[in-house]
Engineer: 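My questions all concern the structure below.
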Amino acid sequence: MITHEALTGVETKLARRVLTVAHSIAPTLDDLEGEPRQNAIAILQGVAEEAAAFHRRLRSQSTTGARVDYTSIESWFSADDRAGLRSLCKQHSASGPHPIGQFPKPGLLTSIWPEDGSPR
């Protein structure tokens, strides 16, 4: 499991926000282990460090009206960051021991054509 403590050098609240959005991008992020986990942490660390910089969060600024607009958290992740996280999670799920999807339950088809392949 990747926690906010893995993202060193950034504020705890910011690390939690980055992780929350990262889970929406790559839902199986917490299942990563070993080298893929370290790679994911490196990507998240980079996102958090860049998000901590003022210019990354600032969308627009007005001096006369004293208006400041900030970008959404999802915009902190570049296309490369998103692709990297997704690929790490796809590699992990593809190498897992469990099949993807569900097999149909026995029913009408098995009564017409049994599992052994011989017609009744």
Side-chain angles (χ1 to χ4, degrees):
M1 177 177 216
I2 300 175
T3 65
H4 69 279
E5 295 166 348
L7 305 180
T8 58
V10 294
E11 185 180 312
T12 302
K13 289 180 184 178
L14 177 62
R16 289 180 187 271
R17 292 172 72 187
V18 167
L19 284 171
T20 301
V21 175
H23 281 100
S24 71
I25 295 169
T28 60
L29 197 59
D30 286 335
D31 298 337
L32 297 176
E33 295 175 353
E35 192 67 23
R37 181 181 186 273
Q38 295 303 319
N39 292 340
I41 290 173
I43 292 170
L44 296 171
Q45 182 74 38
V47 169
E49 288 173 357
E50 288 185 29
F54 185 72
H55 72 278
R56 180 76 185 242
R57 296 185 308 181
L58 189 63
R59 181 174 58 185
S60 66
Q61 184 176 5
S62 175
T63 55
T64 57
R67 189 183 107 203
V68 177
D69 291 331
Y70 294 96
T71 60
S72 67
I73 298 171
E74 288 182 354
S75 68
W76 296 349
F77 290 81
S78 69
D80 290 339
D81 298 331
R82 291 172 185 275
L85 290 173
R86 286 184 182 130
S87 72
L88 288 170
C89 289
K90 282 182 184 177
Q91 288 173 2
H92 174 72
S93 65
S95 64
H98 303 292
I100 297 175
Q102 297 177 346
F103 294 99
K105 295 180 181 179
L108 180 62
L109 184 60
T110 55
S111 66
I112 297 171
W113 201 277
E115 286 291 320
D116 63 2
S118 61
R120 288 197 170 162

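This structure is a prediction, so every number in the text was calculated from the model and none was measured.
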Engineer: If you define the side chain from C-beta out and look only at heavy atoms, does anything of Asp81 sit under 4.5 Å from Ile25?
Structural biologist: no
Engineer: Would you compute the distance between atom CG of Leu88 and atom CG of Asp31 and round it to the nearest 0.5 angstrom?
Structural biologist: 12.5 Å
Engineer: Between CD1 of Ile43 and CZ of Arg82, what distance do you get to the nearest 0.5 Å?
Structural biologist: 12.5 Å
Engineer: How long is the span from the CG atom in Leu19 to the CD1 atom in Ile2, to the nearest 0.5 Å?
Structural biologist: 7.0 Å
Engineer: Just jot down the side-chain contact (heavy atoms from CB on, under 4.5 Å) partners of Ala22, sequence neighbours excluded, or say none.
Structural biologist: Leu29, Leu44, Phe77, Leu85
Engineer: Which atom names give the shortest non-hydrogen contact between Met1 and Arg37, and what distance separates them?
Structural biologist: O-NH2, 3.1 Å
Engineer: Would you give the length of the straight line joining atom CD of Glu5 to atom OG1 of Thr12, rounded to the nearest 0.5 angstrom?
Structural biologist: 8.0 Å
Engineer: Quick check: closest heavy atoms across Ala6 and Gln45, and the distance to 0.1 Å?
Structural biologist: O-OE1, 3.8 Å
Engineer: Without swapping roles, check the side chain of Arg17 against the backbone of Ala48 for a donor-acceptor pair under 3.5 Å.
Structural biologist: no
